[in-house]
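Numbers here are sequence positions counted from 1.
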Amino acid sequence: MKGRAVYIKTFGCQMNEHDSERMLGILGTKGFIEVDEPKKADIVIFNTCAIRHKAEQKFFSSLGRVKHLKKKNPQLKIIVAGCSAQLQGEKLLNKLPYIDYIIGPDNLHVIENIIENQVSHRIFTDENPEVANINLPVKRKDCVKAWVNIIYGCNNYCTYCVVPYTRGKERSRCVDDIIKEISLLGEQGYKEVTLLGQNVNSYKDGNTNFPLLLEKVEKIEGIKRIRFITSHPKDLSKELVDVMKDYKKICEHIHLPLQAGSNKILKLMNRKYTYEEYFEKICWLREAIPDIAITSDIIVGFPQEQDEDFEKTINALKEIRFDGIFAFKFSPRLGTAAAKLDGHISEEVKTARLIEVLKLQDEITERKNKRLEGKIQEVLVEGKDEEGFTTGRTRTNKVVKIYSDIKAGEIVNVKIAKTHRHSLEGDIIST
């Protein structure tokens, strides 16, 4: 069928970004090309996020803007995928009947049947125990670095989070499938892989746990850098720290979500660690890997967070001195335990606390980056930015603008000449 086109808009995390790559991969095998505007498409896909209210509002806003296209072209298929699709299912169809299909994260493979008109219903949200064994084609957005799923779902049930309800229980991919996928990426010229999972530390296939998986990936030819996201603090082991220290391809960066500095709030969140336990693991990491960059997530305004609880989060930021954070106001999610708690915090207070957290972290990040002036950093070139400058990332995941013109995929040494809050600048030096 000639000229079939798909428009896809993705909301949310790296898992969603990679899910969109896989949906494009499926459609690509059927002759679809990706277009940059919904009006050019035969299929419009919204890959949704439900982690916060703001993400859902962005989705509904985007969805509303394509309603008129359906009236003009009744043959247009509108698909809602991702976590909001999983959570709301039939409610979405009842509320917005111009949606054609609802697809949860476990059922991306049904897109092939949809486009071939081989389905008898419109909602695909059943938990799929075989999702970890389904190897879908992937249309990657990048030619230098690639995401690779290693584990699906989550068993942690943090009280604020919908992920266990949208992505199901933990299911690890077969280690052989992972190695095969990454080996092919190495052959295709990819230089960096990021292993993905809601909690990569929980990975387990037979006798292969996450540290052992990293050892296997380390041996794959062609791949020069290994990253992973996300690690749950309760499962961070000394074995993993040792592997990070001993294997040269594993980058000196870890994203380790703290969420709060108060043990009372951590317990209400069901995080299963205390601040003291978390800080001890930070010490493990910095003792083993002195130059490691540590980033984190912080939630402010969780129910029952008093001034003294918030102050403990501020003190934690001062004590740990993260390289960077993602900070958010608590957003109650329907069906989660936290939404039912007493003691919800006003938006005014949440906003004020978020501003304070971000201001403090900006100061910390700027000071940490400033120390890199004059230092030499290994940078993997990723391409050009919107201004036409060559850009790449250090092993510690800091963005670098490079004064020289050099092709994507090269690994170069850059002397840092100037630092900013969220980026660095410099030029290549001879090795």
Side-chain angles (χ1 to χ4, degrees), residues 1-50 55 59 62-63 66-67 69-70 73-93 96-142 146-149 152-153 166-168 171 173 177 181 196:
M1 297 175 70
K2 186 178 178 181
R4 296 199 291 182
V6 56
Y7 170 83
I8 187 163
K9 187 171 181 65
T10 308
F11 304 85
C13 66
Q14 293 94 336
M15 295 284 285
N16 268 20
E17 292 284 354
H18 187 47
D19 284 349
S20 290
E21 290 183 335
R22 296 195 296 162
M23 286 188 277
L24 288 172
I26 295 168
L27 292 167
T29 64
K30 298 298 179 180
F32 279 79
I33 59 169
E34 186 181 8
V35 293
D36 58 2
E37 294 182 79
K39 66 181 181 182
K40 300 176 183 177
D42 300 288
I43 293 179
V44 172
I45 302 174
F46 294 101
N47 192 9
T48 61
C49 173
F59 151 59
S62 297
L63 183 62
V66 302
K67 182 178 180 180
L69 297 176
K70 187 76 170 180
N73 177 18
Q75 300 305 310
L76 174 69
K77 286 185 172 68
I78 297 177
I79 298 174
V80 177
C83 292
S84 285
Q86 182 71 31
L87 275 183
Q88 300 192 44
E90 193 170 350
K91 290 180 182 177
L92 274 176
L93 287 186
L96 304 165
Y98 58 92
I99 296 172
D100 292 286
Y101 299 100
I102 302 289
I103 302 174
D106 276 7
N107 293 281
L108 304 183
H109 61 283
V110 304
I111 286 181
E112 181 174 356
N113 296 329
I114 285 172
I115 61 177
E116 299 296 347
N117 296 313
Q118 294 176 350
V119 294
S120 57
H121 52 287
R122 299 167 62 193
I123 301 175
F124 303 89
T125 55
D126 291 342
E127 186 169 344
N128 179 5
E130 292 301 312
V131 66
N133 300 318
I134 300 174
N135 295 310
L136 298 175
V138 180
K139 177 76 179 341
R140 299 187 189 274
K141 297 278 189 178
D142 199 297
W147 289 311
V148 176
N149 274 109
Y152 296 84
T166 60
R167 291 186 176 269
R171 289 144 295 171
R173 282 184 73 192
D177 287 346
E181 180 177 351
L196 289 181

Apply the test side chain to side chain contact (heavy atoms under 4.5 Å, CB included) to residues V66 and F46: give CA-CA distance (whole Å), side-chain angles for both, the deciding distance (0.1 Å), then the verdict. CA-CA 11 Å; V66 302; F46 294 101; 3.9 Å; yes
Side-chain heavy atoms of [X] within contact of [Y], under 4.5 Å:
X: K39; Y: L69; answer: yes
X: L76; Y: D42; answer: no
X: Y7; Y: K40; answer: no
X: R171; Y: E127; answer: yes
X: L196; Y: V148; answer: no
X: C83; Y: R167; answer: yes
X: F32; Y: L24; answer: no
X: V138; Y: H18; answer: yes

Between F124 and the options I79, V110, I102, the side chain to side chain contact (heavy atoms under 4.5 Å, CB included) test singles out V110
inquiry  = Main chain of I78, side chain of D100: is a donor-acceptor contact present, judged purely on distance under 3.5 Å?
reply    = yes
Side-chain donor/acceptor of N128 to backbone N/O of D106, under 3.5 Å
yes
Enter the distance from [X]:[atom1] to [Y]:[atom2] here, rounded to the nearest 0.5 Å.
X: H109; Y: I134; atom1: NE2; atom2: CD1; answer: 4.5 Å
X: I45; Y: T48; atom1: CD1; atom2: OG1; answer: 11.5 Å
X: R140; Y: S20; atom1: CZ; atom2: OG; answer: 13.0 Å
X: N149; Y: D177; atom1: CG; atom2: CG; answer: 12.0 Å
X: Q88; Y: I123; atom1: CD; atom2: CD1; answer: 11.5 Å
X: T125; Y: E90; atom1: OG1; atom2: CD; answer: 9.5 Å

Charged N to carboxylate O below 4.0 Å: is that the case for K30 and E112?
-> yes
Pair [X], [Y]: side-chain N/O donor-acceptor within cut-off below 3.5 Å:
X: R173; Y: N135; value: yes
X: N47; Y: D19; value: no
X: E130; Y: N133; value: yes

- Task: Flag this pair as yes if the NZ/CZ of K9 is under 6.0 angstrom from the six-membered ring centre of F11 and inside a 45 degree cone about the axis; otherwise no.
- Result: yes
Minimum-distance pair of heavy atoms, taken over all atoms of [X] and [Y]:
X: E181; Y: W147; result: OE2-O, 4.3 Å
X: G82; Y: P105; result: O-CD, 3.5 Å
X: H121; Y: Y101; result: O-CE2, 3.7 Å
X: K141; Y: E21; result: N-OE2, 3.1 Å
X: L27; Y: V6; result: CD1-CG2, 3.7 Å
X: A41; Y: V35; result: CB-CG2, 4.0 Å

K139 vs E17, test: salt bridge (charged side-chain N to carboxylate O under 4.0 Å, His left out). Steps then yes/no.
CA-CA 11 Å; K139 177 76 179 341; E17 292 284 354; over 6 Å; no
How about K70: does its NZ atom have over 12 heavy atoms from other parts shown lying under 6.0 Å from it? yes
Start with the C-alpha distance between L63 and I99, add both sets of side-chain angles, then the distance that settles side chain to side chain contact (heavy atoms under 4.5 Å, CB included), and finish with yes or no.
-> CA-CA 9 Å; L63 183 62; I99 296 172; 3.8 Å; yes
Derivation and outcome, side chain to side chain contact (heavy atoms under 4.5 Å, CB included), residues I114 and K77: CA-CA 9 Å; I114 285 172; K77 286 185 172 68; 4.1 Å; yes
- Item | V80 vs I103, side chain to side chain contact (heavy atoms under 4.5 Å, CB included): CA-CA, chis, key distance, verdict | CA-CA 6 Å; V80 177; I103 302 174; over 6 Å; no
